[in-house]
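Worksheet: the structure to be examined is printed underneath.
Atoms within a ligand are numbered from 1 in the order they appear, just like the ligands themselves. Side chains are part of it too, since the values below use all heavy atoms of this structure and drop only hydrogens, waters and symmetry mates.
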Amino acid sequence: MTQELTSPSPAPQAPGTGRGPGWWRDAVIYQVYVRSFADSDGDGIGDLRGARERLPYLKDLGVDAVWLTPFYASPQADGGYDVADYRAVDPLFGTLQDADELIRAAHDLGLRVIVDIVPNHTSDRHPWFQDPELARQRYLFRPGKGESGELPPNDWESVFGGPAWTRTDRGDWYLHLFAPEQPDLNWDNPEVHAEFEAIMRFWLDLGVDGFRVDVAHGMIKAPGLPDIGHGAQAQLIGAQVLPFFDQDGVHAIHRAWRRLLDGYGDARGKQVIGVAEAWAPSAERLALYVRPDELHQAFNFQFLNAPWQSDALRSVIDASLAATASVGAPTTWVLSNHDVVRHTTRLGGSLARARAATLLMLALPGSAYLYQGEELGLPEVTDLPDEVRQDPAFFRGGRATGAVGPGTDTESAPDGAAAGGQDGFRDGCRVPLPWSGELPPYGFGPGGSWLPQPADWGGLTVAAQTGDPASTLELYRAALELRRRLPGLGDGPMSWAPAPDGVLALTRPGLLCTVNTLGHDVGLPAPGTPLLSSAPVTVDDATAQLPGDSCTWWAI
Ligand code: BGC
């Protein structure tokens with residue numbers, strides 16, 4: 001390891017270092033799913049060097065920060081969310097030096113870097129789990145039920161399907177809320193707390209600007225690990241507090257981490273953040289994760305799950321804003337990520353809706369996360385052959401619902417168009433990005449791509465869309481540019497304006513945003529001068545025609 005690794009590169013300068021208004025309150029953060037973003041060495045798997053080489057693209061797109069999904073040493077039983085060494089880079093993705101160089105290069109461009117931390121479980125290859133004595137203390141082992149302990153200790157189901165327990169050769173059982181290769185840690189053990197604080201300091205010392213906390217609602221289980229008594233547990237995730245999810249005890253952990261993050265940042269004059277991936281049953285319970293002494297952000301999955309209907313969108317937006325305002329936090333909007341069906345497909349297979357939904361999201365007060373490829377309007381890939389699939393949920397007969405992604409908006413699919421992904425599994429949103437050229441791998445790297453890309457993606461590449469004002473990529477660029485230019489568009493006030501049925505109108509400082517959720521044009525008095533629209537809008541004699549499934553930003 002070089003000396004450089006212990007001397008982090010300075011974070012980008014921005015107003016709001018120290019404890020003042022934070023950079024994260026209105027930041028647009030781009031999720032890089034490392035294995036599918038850009039491949040530098042030709043093995044068909046994206047890597048850190050590939051990501052570093054493409055940072056100028058992200059700068060040019062206009063985002064403020066990048067979130068990198070896990071690139072740590074891992075057997076890859078769950079796309080790297082099964083970590084065997086939290087301080088090492090998996091050779092698939094490069095070296096620690098590559099991580100260091102990526103962070104420095106991002107900072108040089110004025111981009112912040114957030115990395116994943118996976119505290120609910122480790123890999124079963126983690127040295128702690130490999131050592132039977134340590135494992136018994138640091139994971140959740142229990143005796144089985146039945147005459148000879150042949151039955152699992154309780155009725156909990158894995159999010160990926162099947163029982164959440166696996167029996168060892170020694171006859172006892174260990175809990176894994178996800179795959180058997182992902183044993184759950186015992187957060188009653190102080191050594192577990194100490195280790196994760198040390199891991200955070202390790203990456204902070206390397207210069208990262210924050211952590212996306214995986215399964216932030218999962219570390220604490222109800223005392224006694226009680227049965228749920230309900231067969232379809234996947235349906236209950238995010239709908240109610242379960243003995244293994246959203247237990248009140250998780251908040252003490254987040255408070256401790258906030259003290260660590262604030263202390264670390266204050267000592268260096270910067271703000272480092274935590275963002276919760278938490279599935280909570282209501283906006284109010286989600287807001288508990290972003291109280292002033294807890295994490296900074298929590299993904300708003302209720303917005304992501306909302307159907308494309310004006311009333312539903314409005315009530316989810318109102319509930320989210322009210323809940324986060326009650327604790328003084330901004331709302332963190334998101335439409336796509338590596339666990340859910342891409343929103344182009346989820347919103348009824350309609351690129352028009354996806355573009356409109358994005359413009360709506362970027363007009364709302366708060367922060368927003370973008371998932372790689374949504375700026376290209378990529379659809380979910382729905383015809384992957386079984387033999388290439390890698391989602392562990394596929395092999396365990398589960399579904400990508402609940403803690404790892406919602407179902408699909410079949411009800412609002414236009415004209416019966418297919419709204420779902422491929423059986424609800426997650427490989428279809430993880431197909432490597434198309435950068436250029438007419439044929440796979442479309443500039444993804446010098447080799448192939450770990451999942452096959454569709455033959456018709458030539459028109460969707462970054463190169464094909466760049467400079468085309470009608471393209472989705474240029475729409476994202478223009479929206480992010482305007483967001484930077486219009487003061488108050490980020491973390492400022494918002495109010496609703498009157499609008500016809502099926503249409504939303506909201507005002508922000510200097511801007512009015514209309515969203516027509518109906519499948520046909522709607523006319524209304526032009527509210528101002530069109531600034532940006534997801535579909536061509538016309539204004540005649542002071543009457544605006546909003547195209548069906550469109551969103552327009554108006555200067556007022
Ligand atoms: C991650 C998933 C992962 C799961 C288990 C999630 O929330 O986003 O990709 O499978 O946690 O770590």
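- Within ligand 1, the atoms closer than 4.0 Å to a non-hydrogen atom of H338 are 1 (C), 2 (C), 8 (O), 9 (O), numbered from 1 in the order shown.
- The aromatic rings of Y371 and Y33 lie perpendicular to each other, with more than 60° between the two planes, well past the 30° mark.
- Residue R426 has at least one heavy-atom neighbour below 4.0 Å for each of these atoms of ligand 1: 2 (C), 3 (C), 9 (O), 10 (O).
- Comment: E374 does not engage R342 in a salt bridge, judged by the lack of any side-chain N to carboxylate O separation of less than 4.0 angstrom.
- Using a 4.0 Å cut-off to heavy atoms of F160, the atoms of ligand 1 that qualify are 10 (O).
- Using modelled atom types, one finds a donor on one side chain and an acceptor on the other under 3.5 Å when comparing N300 with S320.
- With respect to D339 and R430, a salt bridge is recorded, a charged nitrogen being found less than 4.0 Å from a carboxylate O.
- Numbered from 1 in the order shown, with element, the atoms of ligand 1 that lie under 4.0 Å from a heavy atom of R430 read 9 (O).
- For ligand 1, the atoms closer than 4.0 angstrom to any heavy atom of H121 are 5 (C), 12 (O).
- Heavy atoms of F299 found under 4.0 angstrom from ligand 1: none, in either backbone or side chain.
- Each of the following atoms of ligand 1 lies closer than 4.0 Å to a heavy atom of R212: 1 (C), 7 (O), 8 (O).
- Near D78, meaning under 4.0 Å from any of its heavy atoms, are these atoms of ligand 1: 3 (C), 4 (C), 5 (C), 10 (O), 12 (O).
- With 3.5 Å as the limit, one finds no donor-acceptor pair spanning the side chains of Y174 and N186.
- In this structure, R142 forms no cation-pi arrangement with W165, as its terminal cationic atom is not both closer than 6.0 Å to the ring centre and no more than 45° off the ring axis.
- Within the 4.0 Å heavy-atom criterion, neither part of H176 lies near ligand 1.
- Counting heavy atoms closer than 4.0 Å to ligand 1, residue H217 contributes nothing at all.
- Just one residue in the list R138, R201, R87 forms a salt bridge (charged side-chain N to carboxylate O under 4.0 Å, His left out) with E195, and that residue is R87.
- A donor-acceptor contact under 3.5 angstrom links the side chains of S74 and D82, judged on distance only.
- Close approach to E277 involves these atoms of ligand 1, each under 4.0 Å from a residue heavy atom: 6 (C), 7 (O), 8 (O).
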